[in-house]
Amino acid sequence: MKIALIQSKVQKENDANIESACRTIATAAQAGADLVMLPEMFCCPYETANFPLYAQPQGGRNWSALSACARENQVYLAAGSMPERDGDAVYNTCYAFDRQGNQLAKYRKMHLFDIDIKGGQRFFESDTLTAGSELAVFDTEFGKMGLMICFDIRFPELSRLLALQGAKVILVPAAFNMTTGPAHWELHFRSRAVDNQVFLIGCSPARDPAASYHAYGHSLAVSPWGNLLAELDEREGILYCDLNLKETDAVREQLPLLKARRTDVYTVTFS
(Lines give C-alpha, C1' and ligand atoms only; values in the text may rest on other atoms or scores of the structure.)
Protein backbone atom coordinates (compact mmCIF):
# COMPACT_ATOMS: atom_id res chain seq x y z
CA MET A 1 0.00 0.00 0.00
CA LYS A 2 1.40 3.36 -1.03
CA ILE A 3 0.46 6.44 0.98
CA ALA A 4 1.02 10.11 0.16
CA LEU A 5 1.06 12.85 2.79
CA ILE A 6 0.44 16.35 1.45
CA GLN A 7 2.31 18.96 3.47
CA SER A 8 0.97 22.27 2.20
CA LYS A 9 0.88 25.89 3.31
CA VAL A 10 -2.52 27.16 4.38
CA GLN A 11 -3.82 30.12 2.39
CA LYS A 12 -6.39 32.60 3.67
CA GLU A 13 -8.99 31.71 1.03
CA ASN A 14 -10.90 28.47 1.64
CA ASP A 15 -11.50 27.77 -2.05
CA ALA A 16 -7.84 28.29 -2.92
CA ASN A 17 -6.89 25.68 -0.31
CA ILE A 18 -9.42 23.19 -1.67
CA GLU A 19 -8.29 23.72 -5.26
CA SER A 20 -4.64 23.30 -4.25
CA ALA A 21 -5.45 20.13 -2.31
CA CYS A 22 -7.30 18.59 -5.25
CA ARG A 23 -4.45 19.37 -7.65
CA THR A 24 -1.93 17.77 -5.31
CA ILE A 25 -4.17 14.74 -4.68
CA ALA A 26 -4.21 14.20 -8.45
CA THR A 27 -0.41 14.41 -8.53
CA ALA A 28 -0.15 11.83 -5.75
CA ALA A 29 -2.62 9.53 -7.49
CA GLN A 30 -0.62 9.72 -10.71
CA ALA A 31 2.43 8.65 -8.67
CA GLY A 32 0.57 5.52 -7.60
CA ALA A 33 -0.75 6.48 -4.16
CA ASP A 34 -3.52 4.27 -2.78
CA LEU A 35 -4.28 6.61 0.12
CA VAL A 36 -3.73 10.36 0.25
CA MET A 37 -3.78 12.38 3.46
CA LEU A 38 -4.14 16.11 4.11
CA PRO A 39 -3.08 18.15 7.18
CA GLU A 40 -5.10 19.45 10.10
CA MET A 41 -7.11 22.59 9.25
CA PHE A 42 -5.65 22.56 5.75
CA CYS A 43 -8.34 24.95 4.45
CA CYS A 44 -8.50 27.36 7.40
CA PRO A 45 -5.77 29.51 9.01
CA TYR A 46 -5.18 27.98 12.45
CA GLU A 47 -6.77 30.63 14.68
CA THR A 48 -9.70 29.96 17.00
CA ALA A 49 -11.63 32.98 15.70
CA ASN A 50 -11.48 31.56 12.16
CA PHE A 51 -13.08 28.21 12.90
CA PRO A 52 -16.72 29.42 12.99
CA LEU A 53 -16.10 31.68 9.97
CA TYR A 54 -14.77 28.83 7.79
CA ALA A 55 -17.11 26.11 9.12
CA GLN A 56 -19.27 24.15 6.67
CA PRO A 57 -21.74 21.31 7.26
CA GLN A 58 -21.16 17.72 6.24
CA GLY A 59 -22.15 17.54 2.58
CA GLY A 60 -21.18 21.17 2.00
CA ARG A 61 -18.90 22.60 -0.71
CA ASN A 62 -15.65 21.37 0.78
CA TRP A 63 -17.04 17.90 1.51
CA SER A 64 -18.44 17.61 -2.03
CA ALA A 65 -15.20 18.75 -3.67
CA LEU A 66 -13.09 16.29 -1.70
CA SER A 67 -15.52 13.43 -2.29
CA ALA A 68 -15.38 14.12 -6.02
CA CYS A 69 -11.59 14.35 -5.90
CA ALA A 70 -11.31 10.93 -4.25
CA ARG A 71 -13.66 9.46 -6.86
CA GLU A 72 -11.96 11.08 -9.85
CA ASN A 73 -8.53 9.92 -8.72
CA GLN A 74 -9.64 6.52 -7.38
CA VAL A 75 -7.84 6.96 -4.05
CA TYR A 76 -8.71 6.65 -0.41
CA LEU A 77 -8.65 10.14 1.04
CA ALA A 78 -8.09 11.04 4.68
CA ALA A 79 -9.17 14.63 4.18
CA GLY A 80 -7.08 16.29 6.87
CA SER A 81 -9.39 18.26 9.11
CA MET A 82 -11.64 21.25 8.66
CA PRO A 83 -14.18 23.19 10.72
CA GLU A 84 -17.54 21.41 10.56
CA ARG A 85 -20.76 23.19 11.51
CA ASP A 86 -23.55 21.13 13.01
CA GLY A 87 -26.34 23.35 14.34
CA ASP A 88 -24.80 25.81 16.77
CA ALA A 89 -21.68 23.68 17.31
CA VAL A 90 -18.40 23.76 15.37
CA TYR A 91 -16.11 20.71 15.36
CA ASN A 92 -12.57 20.00 14.15
CA THR A 93 -13.49 17.17 11.79
CA CYS A 94 -11.68 14.65 9.60
CA TYR A 95 -13.62 12.92 6.82
CA ALA A 96 -12.38 9.72 5.17
CA PHE A 97 -13.54 8.78 1.66
CA ASP A 98 -13.19 5.56 -0.33
CA ARG A 99 -12.05 5.27 -3.95
CA GLN A 100 -15.61 5.95 -5.15
CA GLY A 101 -15.92 9.12 -3.08
CA ASN A 102 -18.20 7.59 -0.47
CA GLN A 103 -17.71 8.74 3.11
CA LEU A 104 -16.16 5.90 5.10
CA ALA A 105 -15.79 7.67 8.42
CA LYS A 106 -16.04 10.99 10.20
CA TYR A 107 -13.97 11.83 13.24
CA ARG A 108 -14.39 14.91 15.41
CA LYS A 109 -11.33 15.87 17.45
CA MET A 110 -11.94 14.55 20.95
CA HIS A 111 -9.23 16.35 22.94
CA LEU A 112 -9.23 20.09 22.33
CA PHE A 113 -5.94 21.96 22.50
CA ASP A 114 -6.45 24.25 25.50
CA ILE A 115 -3.19 25.55 26.96
CA ASP A 116 -2.21 28.54 29.06
CA ILE A 117 1.52 28.55 29.66
CA LYS A 118 2.56 30.99 32.35
CA GLY A 119 4.44 33.84 30.77
CA GLY A 120 3.91 32.29 27.37
CA GLN A 121 1.28 31.07 24.98
CA ARG A 122 -2.47 30.93 25.54
CA PHE A 123 -4.48 28.97 22.96
CA PHE A 124 -7.95 27.59 23.69
CA GLU A 125 -9.64 25.64 20.90
CA SER A 126 -12.65 25.34 23.19
CA ASP A 127 -13.26 29.08 22.75
CA THR A 128 -14.94 28.22 19.45
CA LEU A 129 -14.86 24.41 19.04
CA THR A 130 -16.88 21.59 20.57
CA ALA A 131 -15.16 18.29 21.42
CA GLY A 132 -16.16 15.10 19.64
CA SER A 133 -17.07 11.91 21.46
CA GLU A 134 -17.00 9.03 18.94
CA LEU A 135 -14.23 6.76 17.68
CA ALA A 136 -13.58 6.33 13.96
CA VAL A 137 -12.28 3.07 12.45
CA PHE A 138 -12.91 2.15 8.81
CA ASP A 139 -12.21 -0.77 6.47
CA THR A 140 -10.04 -0.83 3.36
CA GLU A 141 -8.87 -3.75 1.22
CA PHE A 142 -5.52 -3.39 2.99
CA GLY A 143 -6.89 -3.52 6.54
CA LYS A 144 -8.62 -1.37 9.14
CA MET A 145 -7.53 2.19 9.79
CA GLY A 146 -8.31 4.64 12.60
CA LEU A 147 -8.42 8.42 12.84
CA MET A 148 -7.17 10.87 15.44
CA ILE A 149 -6.39 14.60 15.22
CA CYS A 150 -3.27 16.31 16.60
CA PHE A 151 -3.62 16.77 20.40
CA ASP A 152 -5.37 13.37 20.58
CA ILE A 153 -2.02 11.65 20.16
CA ARG A 154 -0.99 12.76 23.65
CA PHE A 155 -3.68 10.53 25.20
CA PRO A 156 -2.58 6.87 24.89
CA GLU A 157 -6.02 5.53 25.75
CA LEU A 158 -7.44 6.72 22.44
CA SER A 159 -4.88 5.04 20.20
CA ARG A 160 -5.21 1.87 22.30
CA LEU A 161 -8.98 1.86 21.74
CA LEU A 162 -8.44 2.19 17.99
CA ALA A 163 -5.97 -0.71 18.03
CA LEU A 164 -8.40 -2.83 20.03
CA GLN A 165 -11.03 -2.12 17.37
CA GLY A 166 -8.70 -3.59 14.77
CA ALA A 167 -6.87 -0.58 13.37
CA LYS A 168 -3.50 -1.47 11.83
CA VAL A 169 -2.85 2.11 10.73
CA ILE A 170 -3.71 5.27 12.66
CA LEU A 171 -3.89 8.43 10.58
CA VAL A 172 -3.29 11.71 12.40
CA PRO A 173 -3.72 15.08 10.69
CA ALA A 174 -1.91 17.43 13.05
CA ALA A 175 -0.43 20.90 13.44
CA PHE A 176 2.12 20.83 16.26
CA ASN A 177 3.72 24.23 16.80
CA MET A 178 7.34 25.30 17.13
CA THR A 179 7.38 24.63 20.89
CA THR A 180 5.70 21.22 20.97
CA GLY A 181 6.95 19.99 17.61
CA PRO A 182 10.70 19.81 18.22
CA ALA A 183 10.09 18.39 21.71
CA HIS A 184 7.35 15.83 21.22
CA TRP A 185 6.31 15.27 17.57
CA GLU A 186 8.45 12.27 16.65
CA LEU A 187 8.47 11.02 20.26
CA HIS A 188 4.68 10.75 20.39
CA PHE A 189 4.34 9.07 17.01
CA ARG A 190 7.00 6.49 17.77
CA SER A 191 5.60 5.89 21.27
CA ARG A 192 2.02 5.31 20.12
CA ALA A 193 3.25 3.07 17.29
CA VAL A 194 5.26 0.89 19.68
CA ASP A 195 2.52 0.87 22.34
CA ASN A 196 -0.08 -0.47 19.94
CA GLN A 197 2.08 -2.13 17.26
CA VAL A 198 0.46 -0.16 14.46
CA PHE A 199 1.60 2.22 11.75
CA LEU A 200 1.32 5.84 12.94
CA ILE A 201 1.04 8.41 10.16
CA GLY A 202 1.18 12.17 10.83
CA CYS A 203 0.42 14.88 8.28
CA SER A 204 1.18 18.50 9.15
CA PRO A 205 0.80 21.79 7.31
CA ALA A 206 4.02 23.24 5.96
CA ARG A 207 5.61 26.00 8.00
CA ASP A 208 4.75 29.50 6.87
CA PRO A 209 6.76 32.25 8.63
CA ALA A 210 4.27 34.83 7.34
CA ALA A 211 1.32 33.14 9.04
CA SER A 212 0.14 33.83 12.59
CA TYR A 213 0.52 30.13 13.52
CA HIS A 214 3.84 28.46 12.74
CA ALA A 215 3.39 24.73 12.19
CA TYR A 216 6.32 22.41 12.83
CA GLY A 217 5.84 20.43 9.62
CA HIS A 218 7.83 17.18 9.48
CA SER A 219 5.02 14.93 8.25
CA LEU A 220 6.10 11.37 8.96
CA ALA A 221 5.36 7.65 8.89
CA VAL A 222 6.34 5.26 11.71
CA SER A 223 6.29 1.46 11.64
CA PRO A 224 4.74 -0.92 14.22
CA TRP A 225 8.28 -1.53 15.50
CA GLY A 226 8.74 2.20 16.09
CA ASN A 227 11.04 2.85 13.15
CA LEU A 228 10.83 6.19 11.39
CA LEU A 229 10.09 5.16 7.79
CA ALA A 230 9.99 8.57 6.14
CA GLU A 231 9.83 12.24 7.10
CA LEU A 232 9.69 15.65 5.45
CA ASP A 233 11.28 18.85 6.73
CA GLU A 234 9.25 22.03 7.32
CA ARG A 235 8.73 22.91 3.63
CA GLU A 236 5.86 22.10 1.27
CA GLY A 237 6.02 18.69 -0.31
CA ILE A 238 4.51 15.23 -0.72
CA LEU A 239 5.79 12.39 1.42
CA TYR A 240 5.42 8.96 -0.18
CA CYS A 241 5.80 5.75 1.80
CA ASP A 242 5.01 2.08 1.17
CA LEU A 243 3.29 0.22 4.02
CA ASN A 244 2.93 -3.55 4.34
CA LEU A 245 0.14 -4.06 6.84
CA LYS A 246 1.19 -7.68 7.35
CA GLU A 247 4.07 -6.19 9.34
CA THR A 248 1.57 -5.35 12.08
CA ASP A 249 0.65 -9.02 12.47
CA ALA A 250 4.30 -10.10 12.38
CA VAL A 251 5.33 -7.65 15.10
CA ARG A 252 2.39 -8.63 17.30
CA GLU A 253 3.26 -12.30 16.91
CA GLN A 254 6.89 -11.78 17.88
CA LEU A 255 6.13 -9.44 20.77
CA PRO A 256 2.53 -10.15 21.88
CA LEU A 257 1.91 -6.98 23.87
CA LEU A 258 -1.83 -6.77 23.29
CA LYS A 259 -2.32 -10.40 24.28
CA ALA A 260 -0.20 -9.94 27.41
CA ARG A 261 -2.39 -7.18 28.85
CA ARG A 262 -3.75 -7.94 32.36
CA THR A 263 -7.41 -7.40 31.56
CA ASP A 264 -8.26 -9.15 34.84
CA VAL A 265 -6.63 -6.19 36.60
CA TYR A 266 -7.23 -3.23 34.25
CA THR A 267 -9.20 -2.43 31.10
CA VAL A 268 -9.56 0.42 28.64
CA THR A 269 -13.18 0.76 27.57
CA PHE A 270 -15.17 3.25 25.54
CA SER A 271 -18.42 4.49 27.04
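Along the sequence shown, the residues carry numbers beginning at 1.
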**Study point:** Beyond-backbone contact of S204 with P39, side-chain heavy atoms, under 4.5 angstrom
**Key:**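 Contact flag for S204/P39 side chains = no.
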Check your understanding: Is there a side-chain contact between Q197 and K168 (heavy atoms, below 4.5 Å)?
Key ->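 The answer is no, as the side chains (C-beta and beyond) never meet within the 4.5 Å cut-off.
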Check your understanding: Checking K109 against F151: charged group under 6.0 Å from the ring centre and within 45 degrees of the axis?
Key ->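 So K109 doesn't make the cation-pi contact.
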Review point. Cationic tip of R192 within the cone over F189's six-membered ring, i.e. under 6.0 Å and within 45° of the normal?
Key: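 Verdict for F189: no cation-pi partner in R192.
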Once you measure the plane-to-plane angle for [X] and [Y], does it fall in the parallel (<30°), tilted (30-60°) or perpendicular (>60°) bin?
| X | Y | value |
| --- | --- | --- |
| F113 | F123 | tilted |
| F176 | H188 | perpendicular |
| Y216 | H218 | parallel |

Exercise for review: Give every residue pair that meets the salt bridge (Lys or Arg N to Asp or Glu O under 4.0 Å) criterion with at least one member in residues 16-36, sequence neighbours excluded.
Suggested key: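 Passing the test, one end in residues 16-36: D34-R99.
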Review point. What distance do T248 atom OG1 and K144 atom NZ have between them, rounded to the nearest 0.5 Å?
Key: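 T248 OG1 to K144 NZ: 14.0 Å, rounded to 0.5 Å.
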Exercise for review: Would you indicate whether E134, at its atom CD, is surrounded by more than 12 heavy atoms from other residues, nucleotides or ligands within a distance under 6.0 Å?
Suggested key: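 Count not over threshold, so no.
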Review point. Quick one: do R108 and E84 make a salt bridge, cutoff under 4.0 Å?
Key: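 So R108 pairs with E84 through a salt bridge.
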Check your understanding: Are the ring centres of W225 and F199 closer than 6.0 Å?
Key ->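 Between W225 and F199, the centre distance exceeds or equals 6.0 Å.
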Practice item. Please step through side chain to side chain donor-acceptor pair (under 3.5 Å) for the pair E236 and S8, ending with a clear verdict. Key: CA-CA 5 Å; E236 289 189 293; S8 54; 5.3 Å; no
